Peer 1: 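One structure follows; several queries about it will come next.
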Amino acid sequence: MLKPGATIGILGGGQLGRMLAIAAQQLGLNVHIYSPDKDSCAFDVVRSFTRAAYDDEAALARFADSVDVITYEFENVPAKTAAFLAKRQPVFPNPHVLEITQDRLVEKDFVAKLGIGTAPYASVHSASQLAAGIEKVGLPAVLKTLRMGYDGKGQTKIAKGGDANAAWRSLKNEPCILEGFVNFEREVSVVAARSADGHVECFETTENEHRDHILHISKVPAKVTPELDAEARKIATRIGKAFDYVGVYAVEMFVVRKGKTKTVLVNEIAPRVHNSGHWTIDGATVSQFEQHIRAVAGWPLAKPQRLGKRVEMTNLIGAEANDAGHWLTTPGASLHLYGKGDARPGRKMGHVTRVWPVK
Ligand code: AMP
């Protein structure tokens with residue numbers, strides 16, 4: 001168990017690292033951010049940071065020497081970097097989790113092996129495999145590159161009667177996964193925290209709406225029955241256990257009809273704090289960021305409770321952040337801006353959380 005004054009090293013310097021650092025400081029812990037990107041908005045809120053490449057072993061070794069434990073704020077940390085660091089300091093979650101979640105096919109196989117439902121899927125490494133994949137999962141379908149996809153990047157929908165080969169060419173013939181298109185009723189996620197002793201605390205199931213493939217709004221309570229909420233949390237808990245996970249992770253799911261009832265299919269696992277958990281900063285008794293810090297520091301997890309009858313988080317994308325002033329005086333609203341310079345289209349610049357009090 002880390003003592004106050006100890007230092008947590010975080011790989012990655014975006015808004016998630018920034019909010020993790022703020023949560024750590026609230027608990028009297030220090031943070032050292034490591035990021036190759038000079039525009040890292042997490043650098044602005046910490047006492048120490050390293051700007052160096054992920055393969056700069058001298059810089060990585062100095063970083064490891066200066067911290068007590070290491071974690072990350074994004075899942076595409078190179079496996080070699082994580083392995084190098086794990087020889088020097090405890091790394092949470094364990095780097096094995098990265099190997100699974102960095103590859104959509106390995107991740108889907110992992111989920112399916114647990115007996116948890118997913119969209120039908122097939123591996124596509126060649127044009128003939130693409131044709132066989134379409135036979136298996138049908139059309140419409142979504143073709144996704146195995147690696148490095150986020151916010152809808154590296155994926156394309158193939159309509160019924162659509163040109164599948166053109167879709168594959170548009171993804172540069174990279175290794176892909178083909179997924180049957182899920183006619184979902186809504187999208188939800190469970191953000192969960194797991195401590196080293198195996199204790200799990202889930203936030204309640206959150207409902208998510210996307211716009212232009214980017215998360216737009218997250219809401220609680222989600223429009224799901226208590227049974228479905230419990231099923232979603234159970235799935236998240238099982239996944240955490242199977243990973244022997246330490247820290248916060250998110251499981252994105254589709255709500256689908258199953259006969260007369262409904263069930264969930266797992267779409268994706270994020271081995272990190274997640275955008276759909278931002279509402280917890282203002283809308284819960286503990287935030288996902290604090291839960292992650294507690295878990296990696298070896299502290300007991302809090303038992304999260306929602307504040308308010310309902311809570312809604314809206315992302316501020318690109319120029320929306322320049323126009324956010326009205327939120328400052330909106331009742332129940334809390335504005336978060338990430339201090340990023342350039343409000344490029346599609347860039348996550350901030351978010352606003354609205355809490356409706358229990359009357
Ligand atoms: P992903 O990058 O896998 O999280 O996908 C981004 C978004 O694309 C999801 O949140 C869904 O809205 C949509 N999507 C992805 N996969 C599927 C699928 N198999 N069926 C229907 N919609 C999907």
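For clarity, every value in this text was computed on a predicted model and none was experimentally measured. For ligands, and for the atoms within them, numbers begin at 1 and follow the listed sequence.
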Peer 1: What pairs of residues pass the ring pair (Phe, Tyr, Trp, His ring centres under 6.0 Å) test when at least one of them lies in residues 110-132, not counting sequence neighbours?
Peer 2: Phe110-Phe243

Peer 1: Would you mind telling me if ligand 1 is within reach of the side chain of Asn183, the backbone, both or neither, using heavy atoms under 4.0 Å?
Peer 2: neither

Peer 1: Among the heavy atoms of Arg104, does any lie under 4.0 Å from an atom of ligand 1?
Peer 2: yes

Peer 1: Considering only heavy atoms of Asn267, which atoms of ligand 1 have at least one such atom less than 4.0 Å away?
Peer 2: 1 (P), 3 (O), 4 (O), 5 (O), 9 (C), 16 (N)

Peer 1: Would you kindly say whether Ser189 and His274 are connected by a side-chain donor-acceptor distance under 3.5 Å?
Peer 2: no

Peer 1: Using the side-chain contact (heavy atoms from CB on, under 4.5 Å) definition, which of the options Leu98, Val91, Leu60 pairs with Thr81?
Peer 2: Leu60

Peer 1: ring-ring contact (aromatic ring centres under 6.0 Å, His included) with Phe92: which residues, sequence neighbours excluded?
Peer 2: none

Peer 1: Non-hydrogen atoms of Ala141 versus ligand 1: any pair closer than 4.0 Å?
Peer 2: no

Peer 1: Which of the atoms in ligand 1, numbered in the order shown and given with their element, are less than 4.0 Å from a heavy-atom of Glu252?
Peer 2: 4 (O)

Peer 1: Where does Val142 meet ligand 1, judged by heavy-atom distances below 4.0 Å: at the side chain, the backbone, both, or neither?
Peer 2: side chain

Peer 1: Heavy-atom distance to atom 11 (C) of ligand 1: which of Glu187, Glu179, His210 wins?
Peer 2: Glu187

Peer 1: Where does the angle between the aromatic ring planes of His278 and His351 fall among parallel (under 30°), tilted (30 to 60°) and perpendicular (over 60°)?
Peer 2: tilted

Peer 1: Would you say Gly180 and ligand 1 have an N/O pair spaced under 3.5 Å apart?
Peer 2: yes

Peer 1: Any donor and acceptor pair, going by atom type alone, linking the side chain of Asn30 with main-chain N or O of Gly5 inside 3.5 Å?
Peer 2: yes

